[in-house]
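Let me begin by presenting the structure, written as structure tokens, before commenting on it.
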Amino acid sequence: MNHITSAVTLNNGISMPQFGLGVYKVEEGKQVEETVLSAIDLGYRLIDTAAFYGNEEGVGKALKKSKIKREELFITTKVWNDDQGYDETIAAFEKSLVKLDLEYIDLYLIHWPISGKYRDTWRALEKLYKEGRVKAIGVCNFHPHHLDHLLASAEIVPAVNQVELHPRLSQEELRDYCNEKKIKVEAWAPIARGKLSDEPTLNYIANKHGKTHAQIILRWHLQNDVIIIPKTTNLDRLKENSDIFDFELSLDEMQQIDTLNLDARYGKNPDDM
């Protein structure tokens with residue numbers, strides 16, 4: 001992993017950039033348009049949005065203004081909880097496609113495992129995939145038991161499971177499970193929402209490499225084969241987040257970061273949704 005456009009191969013053979021931009025809580029309109037355009041100018045090729053974020057339209061406008069070819073970009077969006085179910089998901093997808101002003105979506109995800117609904121939602125995603133309207137399909141926030149339940153009736157194995165993942169919630173058991181099933185793990189809140197800036201272990205390693213604590217965390221993810229979508233609207237931070245391809249953490253440093261796990265969530269537990 002030595003370049004901002006370096007990619008992983010999903011279980012259906014599709015290439016997905018391992019590093020990208022998340023736009024959760026980025027305001028619709030000028031802010032999201034400028035943020036996405038700045039990221040693309042810096043070399044970002046993966047953009048992750050969702051119906052729930054309310055900014056798909058702005059993301060779409062930024063993509064149209066960009067000089068990068070559509071096929072070089074990788075766009076993710078998600079079906080929200082209120083829109084789950086077979087027919088509802090198909091309708092929600094159509095709305096997202098119109099807002100993004102795209103002919104296809106690269107990765108379409110179920111946002112949360114809503115009990116009693118996510119199997120029907122998955123059938124809808126499988127239909128969209130078979131029709132070629134999405135290049136890959138996956139889930140977010142699924143524990144192993146949700147995946148077991150889904151796979152019991154699924155025709156297609158999810159390509160990606162996007163979950164909260166950072167040094168305080170390293171999700172080793174889930175990562176092992178997904179690796180065994182050939183499901184790529186993607187991290188949201190990869191730098192723990194900035195809550196680890198005073199963590200001595202991270203700052204010690206950061207000083208050794210001449211990097212920030214956030215850059216050390218992001219590099220840890222990459223070396224764990226995790227896809228990452230750090231969020232920021234700040235141009236300097238966009239540059240900083242992407243400046244993680246000129247160094248490597250040693251095995252000892254990786255293990256030191258592993259010891260920071262406390263199974264601590266800053267977002268909701270999927271079992272409580």
Side-chain angles (χ1 to χ4, degrees), residues 1 4-26 36 39 44-53 59 73-80 96 105-113 118 122 125 129 134-144 146-147 150-151 156-193 214 217-232 241-242 244 261 265-270 273:
M1 186 63 195
I4 191 170
T5 59
S6 294
V8 297
T9 302
L10 303 181
N11 59 21
N12 64 349
I14 295 291
S15 287
M16 177 178 181
Q18 194 181 351
F19 175 86
L21 173 72
V23 295
Y24 176 52
K25 290 191 174 176
V26 181
V36 170
Y44 288 67
R45 294 295 177 263
L46 164 61
I47 308 296
D48 180 281
T49 185
F52 179 69
Y53 301 169
V59 169
L73 297 168
F74 193 100
I75 311 303
T76 301
T77 193
K78 313 174 188 80
V79 56
W80 182 241
S96 288
I105 301 294
D106 294 278
L107 178 63
Y108 198 44
L109 303 173
I110 299 178
H111 211 144
W112 290 90
Y118 62 77
W122 187 251
L125 265 63
Y129 176 73
V134 295
K135 300 291 186 185
I137 52 177
V139 297
C140 301
N141 305 302
F142 273 50
H143 288 319
H146 296 122
L147 288 165
L150 183 70
L151 291 170
I156 298 168
V157 176
V160 172
N161 185 15
Q162 185 185 120
V163 297
E164 181 180 356
L165 175 55
H166 43 72
R168 287 283 188 242
L169 183 67
S170 61
Q171 300 262 37
E172 278 193 49
E173 183 185 333
L174 176 66
R175 283 191 281 140
D176 288 344
Y177 174 99
C178 288
N179 188 46
E180 188 181 306
K181 303 285 186 187
K182 295 184 168 52
I183 301 168
K184 285 292 182 186
V185 175
E186 182 175 16
W188 62 261
I191 54 174
R193 296 180 174 169
I217 296 173
L218 293 174
R219 186 69 210 183
W220 171 78
H221 283 295
L222 293 185
Q223 291 181 218
N224 276 325
D225 199 32
V226 171
I227 300 162
I228 47 174
I229 43 168
K231 184 206 83 177
T232 183
N241 288 345
S242 64
I244 54 174
N261 179 56
R265 292 182 182 276
Y266 300 117
K268 291 181 179 176
N269 187 320
M273 288 301 286

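Note on K231 versus D48: no salt bridge recorded, every NZ/NE/NH1/NH2 to OD/OE distance being 4.0 Å or above.
Side chain of Q18 to backbone of L222: a donor-acceptor contact under 3.5 angstrom is found. With hydrogens and angles ignored, the 3.5 Å screen pairs a side-chain donor or acceptor of R193 with a backbone N or O of Y266. A donor-acceptor distance shorter than 3.5 angstrom exists from the side chain of K78 to the backbone of T49, with no hydrogens or angles considered. Side-chain N or O atoms of N12 include one that pairs as donor or acceptor with a backbone N or O of I14 at under 3.5 Å. Between the side chain of N161 and the main chain of F142, a donor-acceptor pair closer than 3.5 Å is present. In this structure, the side chain of D106 does not engage the main chain of A136 through any donor-acceptor pair within 3.5 Å. Looking at H221, its side chain does come within 3.5 Å of a backbone N or O of P190 through a donor-acceptor pair.
Side-chain contact between D225 and R175 is absent, with no heavy atoms from C-beta onward closer than 4.5 Å. Between Y53 and V26 the shortest side-chain heavy-atom distance does not fall below 4.5 Å. With a 4.5 Å cut-off on side-chain heavy atoms, W122 and P158 count as touching.
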- Take Q162 and I229, measure what side chain to side chain contact (heavy atoms under 4.5 Å, CB included) needs, and give me the verdict at the end. CA-CA 10 Å; Q162 185 185 120; I229 43 168; 3.8 Å; yes
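With rounding to the nearest 0.5 Å, the separation of CZ in R45 from CD1 in I75 is 10.5 Å. The distance from the CG atom of L174 to the CG atom of L169 is 9.0 Å, given to the nearest 0.5 Å. Taken to the nearest 0.5 Å, the CH2 atom of W220 stands 5.5 Å off from the CG atom of L165. Distance check: L150 CG to I156 CD1 gives 10.5 Å after rounding to the nearest 0.5 Å. To the nearest 0.5 angstrom, L147 atom CG is 9.0 Å from K181 atom NZ. Atoms CG and CG, from L107 and L125 in turn, are 9.0 Å apart once rounded to the nearest 0.5 Å.
Shown here for G267 and W188, the closest heavy-atom pair between the two residues is CA-CH2, 3.9 Å. Here the closest heavy-atom approach between residue I191 and residue A214 is recorded as CG2-O, 3.8 Å.
The aromatic rings of F52 and W80 sit parallel to each other, their planes meeting at less than 30°, with 60° as the upper class boundary.
Inspection of the H143 and N269 side chains reveals an N or O donor paired with an N or O acceptor under 3.5 Å.
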